[in-house]
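Here the structure is laid out as structure tokens; the discussion comes afterwards.
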2 protein chains.
Amino acid sequence: MPPKRQHKADAKAAAHPHAKPRPLTRIQREKQDLILEAALDVFSMHGFRGSTIDQIAEVAGMSKPNLLYYFPRKEEIHRRLMSALLDTWLAPLKEMDATGDPFPEIRSYIRRKLEMARDFPRESRLFANEMLQGAPRIIEMLEVDLRNLVDEKAQILLGWMDQGKLAHTDPYHLIFSIWATTQHYADFDVQVRAVLGKDRGGEGRFEDAARYLEQLFLFGLTPRSTAPRKS
Amino acid sequence: MPPKRQHKADAKAAAHPHAKPRPLTRIQREKQDLILEAALDVFSMHGFRGSTIDQIAEVAGMSKPNLLYYFPRKEEIHRRLMSALLDTWLAPLKEMDATGDPFPEIRSYIRRKLEMARDFPRESRLFANEMLQGAPRIIEMLEVDLRNLVDEKAQILLGWMDQGKLAHTDPYHLIFSIWATTQHYADFDVQVRAVLGKDRGGEGRFEDAARYLEQLFLFGLTPRSTAPRKS
DNA sequence: AAAAATTTTGACCAGTTGGAAAAATGTTAG
DNA sequence: CTAACATTTTTCCAACTGGTCAAAATTTTT
């Protein structure tokens with residue numbers, strides 16, 4: 001039997017699962033990063049089905065077969081992006097600390113999320129695209145990891161509420177509303193820009209958003225001088 | 001010259017632009033609705049590029065050429081959906097009335113938007129998909145119609161603020177935050193369900209959301225009994 | 001019931017898609 | 001230098017894509 005052609009970099013490792021996988025070469029790391037970067041561009045705009053390997057390859061500046069040498073299937077690229085993404089995405093929430101006070105904690109959570117919308121809009125859109133499609137590739141992670149994390153943080157919020165440090169309300173929907181309002185600035189960026197126009201739609205929009213959201217979440221819309229209305 | 005075959009229902013009308021277009025037959029109306037309904041299913045999940053005519057035809061229960069008899073191109077279907085959508089979508093905001101009081105107006109705006117997220121989730125996702133892709137097909141409408149409408153309503157909000165009926169804040173971001181928080185329940189439905197789990201994730205989630213959002217927007221997160229924190 | 005118009009179907013097409021195979025070209029350790 | 005390996009290119013393919021076309025089936029009008 002002639003030795004099988006070695007089409008993938010880790011073919012040897014795969015043949016013998018317990019063999020130490022040879023470390024990636026410099027070129028492998030560089031090219032994989034290049035591909036993932038390009039794929040993020042494409043997937044985040046068109047979703048999984050709407051994106052083609054050719055498009056990704058073109059953005060990455062290489063031929064399609066060459067790209068397929070590093071990632072043998074399209075799904076593989078997407079999977080890699082998604083699993084890297086989830087960690088990044090949940091990190092800000094993980095930082096919310098029970099020993100802190102609610103308002104500083106919530107405020108800095110909002111800030112971090114808003115910074116992510118500003119600095120990593122493609123990641124946000126990639127995530128949104130996956131959600132819109134029913135999250136077929138990450139649903140289990142949502143139901144386990146995400147759910148556990150949110151449960152845990154909801155307990156913290158409830159604790160603060162019981163201590164009278166925070167208005168008593170639904171902690172889950174509180175978290176949802178922070179996700180929604182912050183990610184909006186990445187996912188619906190076109191709309192935000194269209195509405196704000198050229199002058200107000202510059203980079204300053206993130207500071208305006210931060211100021212507004214802080215006020216909304218920390219002080220609410222009720223005018224401070226007026227007693228809350230009934231009904 | 002032999003008379004051209006009449007492949008499209010309105011070919012005659014098109015030949016003579018000022019001729020009164022013959023009204024659609026019953027079958028034409030029914031089938032077009034059937035197709036648009038199916039297309040909404042498909043486009044809202046996969047976006048324009050990720051959807052195929054075959055898929056739509058299958059959901060609509062007809063053959064691809066038959067579908068193409070009613071809508072000669074894929075874009076046409078999408079265009080029809082989008083233009084019908086924008087009207088529906090902006091209707092709730094249009095209702096916000098300067099002569100009313102801010103809190104009832106804002107509260108019922110939130111309610112209407114939340115009802116739309118509950119009753120028309122596919123429309124919401126179709127819209128979200130278009131946004132994620134940079135809104136190539138509706139950008140002008142956003143920059144003109146949407147922008148004018150929001151400008152107008154922002155003026156109303158500013159008026160209320162000047163009268164001391166509403167906390168002084170950024171009216172544009174206020175509107176954004178209402179859009180974001182309500183549409184979240186349609187666009188990120190999978191995530192919401194995954195986090196809330198089977199028991200809390202039923203239809204009741206919309207009522208919980210309504211209650212929470214009302215509280216957030218009307219009273220804010222600051223505990224009523226405590227003076228607002230400094231810094 | 002015939003004629004006219006509308007609707008549906010089946011066969012087809014050119015371009016695109018994800019991917020395979022193999023040959024050609026670099027790169028590196030001994 | 002050269003053998004072993006890593007990378008890239010060329011060629012190819014079967015399935016799918018949006019869309020056409022003529023004929024057949026059906027419905028509507030006269």
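Source: prediction; values computed, not measured. Throughout, protein chains are lettered first and strands after them, A, B, ... in sequence-line order, and every chain is numbered starting at 1.
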Q: Round to the nearest Å and state the distance from Gln55(B) atom CD to dG18(D) atom C1'.
A: 13 Å
Could you run down the sub-3.5 Å N/O contacts of the protein with nucleotides 24-30 of chain D?
residue, atom, partner, partner atom, Å
dT28(D), OP1, Arg26(B), NH2, 3.3

Q. How many Å lie between CD on Glu30(B) and P on dT8(C), as a whole number?
A. 10 Å
Q | Angle of first-five versus last-five pair axes in the helix from dA1(C)-dT30(D) to dG30(C)-dC1(D), to 10 degrees | A | 10°
Q.
When you measure from the side chain of Lys74(A) to the backbone of Ser51(A), do you find a donor-acceptor pair of N or O atoms at a distance under 3.5 Å?
A. yes
Q.
How many whole angstroms separate atom OH of Tyr70(A) from atom C1' of dG19(C)?
A. 18 Å
Q) What's the closest nucleotide to the Lys31(A) side chain, out of dT20(D), dT8(D), dT8(C)? A) dT8(D)
**Q.** Result of checking His78(A), Arg79(A), Arg73(A) against Glu76(A) for side-chain hydrogen bond (donor to acceptor under 3.5 Å, both in side chains)
**A.** Arg79(A)
**Q.** Atom pair CG/CZ of Leu85(B) and Arg122(B) - distance to nearest 0.5 Å
**A.** 11.5 Å
**Q.** Arg49(B) side-chain proximity, nearest of dA6(D), dT17(C), dT7(C)
**A.** dT17(C)
Q: Compare side-chain N and O positions of Asn66(B) against OP1 and OP2 of dT7(C) and report whether any pair is under 4.0 Å apart.
A: no
Q. According to a strict under-4.0 Å criterion, is Arg73(B) in side-chain N/O contact with OP1 or OP2 of dG18(D)?
A. no
Q) Do any of residues 57-65 of chain B sit with a heavy atom less than 4.0 Å from DNA chain D, and if so which? A) Lys64(B), Pro65(B)
Q. Any side-chain N or O of Tyr69(B) less than 4.0 Å from the OP1 or OP2 oxygen of dT8(C)?
A. no
